[in-house]
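The block underneath contains the structure these notes are about, expressed in structure tokens.
Please read these numbers as outputs of a predicted model, since none were measured by experiment. Whatever order the structure lists them in is the order used to number ligands and atoms, beginning at 1.
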Amino acid sequence: MHAQFQNRRYLIPFRARLLPQIFCDTLVIGSGVAGLRAALAASEHGEVILVTKSDVDRSATTWAQGGVAAVLETTDTDDAVESHIQDTLTAGCGLCSPSVVEQVVRSARPRIEELLSWGMQFDLDENGRPARAREGGHRDHRVLHAGGDATGKEVVRCLSSRVCDAPAIRIFDHCFALDLLTTSDSGNGSVVGAITHHPKYGLQVIWAYATIIATGGSGQAYRETTNPPVCTGDGVAMAYRAGAALADMAFVQFHPTTLYVAGSERALISEAVRGEGAYLVDRRENRFMVGRHEMAELAPRDVVSRSIIEHLVETGETNVFLDARHFKPGFFQKRFPGISQKLAQFGIDPADDLIPVNPGAHYTIGGIWVDDAARSTINGLYACGESSCSGLHGGNRLASNSLLEGLVYGELAGRMSAECRPTVNGNGNGNGGRAGLSESSKQIISDIPLSDRGELDLHDVRSSLRSVMWRHLGIVRDGPLMDDVREMIEFWRRYTLDKIFDDPKGWEVQNMLYVCSLICESARWRRESRGTHTRADEPARRSDFCVHDLWSRMQRPEDAPACVPCAGDAAADSDAVVGQGHEG
Ligand code: SIN
């Protein structure tokens, strides 16, 4: 990691006391499932401001198709819960925190019952209960869905209408959170809010006893991605600048099936399509996953994505296909209305045509390191959902566990943030109440000298960065090629991180440089292949790397990351069926 990434504390120069001041008890940044759920929980104990850089419903959650993995029925034996736990551990390749897996899987039922009581419209089976689908890595049917393939949209509709009705929550949309404010720059202070920018109101300081980051992932760091344009890793980058530890940054999940139409934007084709029985085939209509893994098309995502890439190298073809032509007439349109509509735009009818697909970056597994109460490593800062790394997903996330994590950790973060509020005998965050917060404001100053280095074309930096990340930090990585990426990022950093931008386009590119640099550092350091992280030059899984790697701005550039041991491969491998195929 280059020293400038470490030295730069804020993206812009400012004097906090000269800016408009806004106060709340809890500041939530991000409006996906985790942010919305966190805001609701925090509003039960204080005033909340929810900041989102676009519209409330422009998040990766809204684009989520598959569903929420959850074991619901009281009559389902504990075996059903145990099997969900085991599938999560198996997919995670030894890097999950078993206690977190247990906590999240067991919390599914109350969180889903709560959604149902708030009017969430899950698709129902013939008995009037939420219908259950199957996806990759799941041995049982346990994925709840809504609107066929519009689960995320319905989750956002349900939660956001409740958020809008909550008197204690104010929503600041189109408001870009630039940086967290801390009582000290040396990593041992408390987070006391954030500096934000709104196109109409300009820069503002929002003071809060607790701040929750729920800004989602950084899929936009890759040229091929299923993520919406907002996913630029802003929250992770700002937490790093504030001194919080980030973990497992090497792990980026690649979804096996994004629609591949040359020249068009990539679009997710849900794994539930394979869950309903679609095959993955090549141009000769050969089902190449059969024989590669016992679960064939429904193997965990890392296995399927890698197999597609290997098969393309072997055949010299540009993409593979989903074959759903054997589905009952009308079933595809009924079960997947959104995907059907998308395919129709390109003249593809799944009843008659093969669907061209390729893998794409889908989910950022690494992120802000949090404990089992959603606390980051710095006081006053919590994180939940895709921007965090809780240990649930390990080295490879099990399908449809992300909406579940957002619900569970969102509620947890919102509830736990109450511990930062002042008490009669003192206060949880050491901020000295609102007077203390504004006192802090006088201290916070950011000075950034003007740079006389030349300017690079921002659009070009963004697209070149995304291309090189896809080529060399994608599904299969290689030490020397990652070294090249490091040098390229260092070059772009030199000419981009020294500039002071005044709108989100510049700040997003700066944040993407941070995140890409950390993905690259973590992937270079992890000299093994595990889960989503495959290295051609280090093909074996190594037990000495069965650790979470933690990166912080406070470490010296030459230092190795701090390592937190994991429960390990034994838990993951107790099921030999889906455990195979993970070794490089
Ligand atoms: C999908 O529908 O395939 C995506 C679900 C997920 O990422 O969990």
Side-chain angles (χ1 to χ4, degrees), residues 32-34 59-70 84 87-88 91-92 101 104-105 108 112 122-123 131-138 141-156 216-219 222 224-228 231 251-260 266-278 280 295 297-305 308 322 324 332 335-340 342-343 355 357-365 367 385-386 392-394 396-409 531-532:
V33 56
S59 65
T61 299
T62 303
W63 286 26
Q65 296 177 353
V68 191
H84 186 184
D87 286 352
T88 303
V101 173
V104 172
V105 169
I112 296 293
F122 283 110
D123 296 332
R132 297 179 293 183
R134 196 173 161 212
E135 291 180 25
H138 288 273
H141 287 70
R142 59 169 86 93
V143 179
L144 316 182
H145 47 88
D149 54 11
T151 313
K153 203 166 164 192
E154 174 60 9
V155 168
V156 170
S218 45
Y222 288 87
E224 308 290 325
T225 181
T226 62
N227 285 193
C231 297
F251 294 96
V252 176
Q253 181 171 72
F254 298 90
H255 196 288
T257 56
T258 62
L259 179 62
Y260 183 75
R266 303 294 177 244
L268 178 66
I269 307 290
S270 176
E271 196 158 74
V273 173
R274 276 172 287 137
E276 295 291 356
L280 261 178
M295 294 176 92
E297 282 89 351
L298 286 178
R301 284 181 188 170
D302 59 328
V303 178
V304 182
S305 292
I308 291 175
L322 276 172
F332 196 102
R335 174 71 175 85
F336 304 110
I339 298 173
S340 299
K342 187 83 197 170
L343 294 178
I355 306 167
V357 290
N358 256 346
H362 183 58
Y363 191 87
T364 315
I365 294 174
E386 194 174 350
L392 172 67
H393 308 308
N396 178 36
R397 176 177 69 87
L398 184 67
S400 287
N401 266 358
S402 50
L403 290 181
L404 175 61
E405 187 192 37
L407 290 170
V408 173
Y409 263 73
T532 65

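Counting heavy atoms under 4.0 Å from ligand 1, residue R301 touches it through the side chain alone.
Side chains of H393 and F251 form no contact here, defined as non-hydrogen atoms less than 4.5 Å apart.
For the residue pair N396 and Q253, a side-chain donor N or O sits within less than 3.5 Å of a side-chain acceptor on the partner. Side-chain atoms of D123 and H145 form a donor-acceptor pair, as typed in the model, at a separation below 3.5 Å.
Every atom of ligand 1 is numbered from 1 in the order shown, and the set under 4.0 Å from a heavy atom of H362 is 4 (C), 6 (C), 7 (O). Heavy-atom contacts of E271 reach the following atoms of ligand 1: 1 (C), 2 (O), 3 (O) (cutoff under 4.0 Å). Counting the atoms of ligand 1 from 1 in the order shown, those under 4.0 Å from a heavy atom of A399 are 8 (O). Listed by atom number, the atoms of ligand 1 under 4.0 Å from R397 heavy atoms are 6 (C), 7 (O), 8 (O).
Scored by the ring-ring contact (aromatic ring centres under 6.0 Å, His included) test, F122 finds no partners at all (sequence neighbours excluded). Taking H255 as the reference, H362 meet the ring-ring contact (aromatic ring centres under 6.0 Å, His included) condition, with sequence neighbours excluded.
Using a 4.0 Å cutoff on heavy atoms, H255 counts as a contact of ligand 1. At a 4.0 Å cut-off, not a single heavy atom of A64 sits close enough to ligand 1 to count as contact.
The line from CZ of R266 to OG1 of T226 is 12.0 Å long, rounded to the nearest 0.5 Å. If you take CG on N227 and CG on L268, they are separated by 9.5 Å, rounding to the nearest 0.5 Å.
Distances between N or O atoms of E135 and those of ligand 1 include no value under 3.5 Å. In terms of N/O distances under 3.5 Å, ligand 1 is approached by G66. Any N or O atom pair closer than 3.5 Å counts here, and S400 shares at least one such pair with ligand 1.
Closest heavy-atom approach to atom 2 (O) of ligand 1 among the candidates S270, A272, G152: S270.
Checking side-chain atoms of E297 against main-chain N and O of L280 turns up a donor-acceptor pair under 3.5 Å.
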